[in-house]
Protein chains: 2
Amino acid sequence: MPRAGLSTTAVVDAAVQVIDEHGASQLTLAAVAARCGVATPSLYKHVGNLAELRTLVGLRVLDELADRFTEAATGRSGAEAVTALMHAYRAYATAHPARYAAMPVDPLHQPELAAAGLRQLQVIQAALRPWQLGPSAQVHAIRRLRVMAHGFASLESAGGFGLPEDLDETYRQLIDSFLDTL
Amino acid sequence: MPRAGLSTTAVVDAAVQVIDEHGASQLTLAAVAARCGVATPSLYKHVGNLAELRTLVGLRVLDELADRFTEAATGRSGAEAVTALMHAYRAYATAHPARYAAMPVDPLHQPELAAAGLRQLQVIQAALRPWQLGPSAQVHAIRRLRVMAHGFASLESAGGFGLPEDLDETYRQLIDSFLDTL
DNA sequence: CTTTTAAGCTAATGGCATTAGCTTCGCTCG
DNA sequence: CGAGCGAAGCTAATGCCATTAGCTTAAAAG
């Protein structure tokens, strides 16, 4: 019986694939094991349990999004940077709707996820720098940005918009209304 | 052995209590049955299966929120009505965070839920009437309102805001930025 | 070539959803 | 008031999943 050559990373890879194909609620150790060509209990050599696997997937998603953020923001500043970040956020959620649903919304409250959450935060802070906001105003501005990005992305990726009206236009209005307040 | 006197409504009541106490992910037929003082299979006399129970809970939540909307909007109009609706939305989500998480985001796509979704929609339409928006502008305006309300409420009810800055102020800014665009 | 470590396996337990089929409460009607 | 019936609830059984324990053995280290 040859060895499958698994690793924690490979297990998380498989978990992400399961989520992409069947939805975040269908993430199951049995499904991941099947995809890895391994018996279910074998996964416990690489992952503590299902809850930990979920956390690792959450971390993966946070990191991926932070990478997109960094990519979108480099070489831009001000309104252009904010717009690029918002589009990167939405693009990630629509490209991987199930994965987006698996992203934890409170990364700063979980030690394993805090670093990835902070990476995202710092990119946004940098984009807002030109406006020279005070500490408190900056917090409120980042929150509003996050509310709009997450609100829109979670609704869109879950099929929550029923009418045929152009969604790009709605998103543009949201971004513009934010920029107008600065 | 006396009879428990259950009904579909009573089962949904118990399900909502389970969700309130243990979170939406812990909604289980076994937990509902225990709360009703009944064996698990007995629930199938009142509810098709777990998926249907989830739908019924979703309907209950949609209806409750529509009631709050109606209550908040009556006797008000214009900016005052919009503000009241937004506060009613947030108040419901913070009063019942787990229940809020159980609210379906695509009610218009499910026949059983469409009526409740439409009730909410109509209250919002009425509140926006003073601005005399065209059909398309109205759709975008309602979407932006929903994005902000849902984005904020889902983050807040999930503990997604990490910093101690005043959340009322952030929400106020969101509402103001919306009203400024009209 | 031996030793050792850890990867993977099988077996077993317990929780949950769901189905089938039985029992009996409690209402309706003669 | 008693017979009959429909629905409410029950027990038993199946199958899936997570998790644990303990065994086997591949493959790296010496």
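In what follows, chains carry the letters A, B, and so on, assigned in the order in which the sequence lines appear, proteins first and then strands, with residues in each chain numbered from 1.
- As rounded to whole Å, 15 Å separates atom P of D:dC17 from atom CG of B:Leu50.
- Taking atom NZ of residue A:Lys45 and atom P of nucleotide D:dT20, one finds them 13 Å apart after rounding to whole Å.
- For A:Thr28, taking side-chain heavy atoms from C-beta onward, the closest of the listed nucleotides D:dC17, C:dA17, D:dG9 is D:dC17.
- Nearest to the side-chain atoms of B:Ser42 among the listed nucleotides C:dT19, D:dG9, C:dA17 stands D:dG9.
- For the pair B:Leu29 CG and D:dG15 P, the computed distance is 20 Å after rounding to whole Å.
- When the C1' atom of D:dT20 is taken as reference, atom OH of A:Tyr44 falls 9 Å away, rounded to whole Å.
- In summary, the side chains of A:His87 and A:Tyr92 do not present any donor paired with an acceptor at a separation below 3.5 Å, with no hydrogens or angles considered.
- Distance from the side chain of B:Arg3 is smallest to C:dC25 among C:dA17, C:dT10, C:dC25.
- Side-chain atoms of B:Thr8 and B:His46 form no donor-acceptor pair, as typed in the model, at a separation below 3.5 Å.
- The minimum heavy-atom distance between A:Tyr171 and A:Met86, with the atom names listed, is OH-O, 2.7 Å.
- Atom pair B:Leu43:CG and C:dT19:P shows a separation of 13 Å (rounding to whole Å applied).
- Rounded to an integer number of Å, the gap from B:Glu52 CD to C:dA17 P is 15 Å.
- C:dT18 atom P lies 9 Å from atom CZ of B:Arg54, rounded to whole Å.
- Taking side-chain N and O atoms only, A:His46 has a distance below 4.0 Å to OP1 or OP2 of C:dG8.
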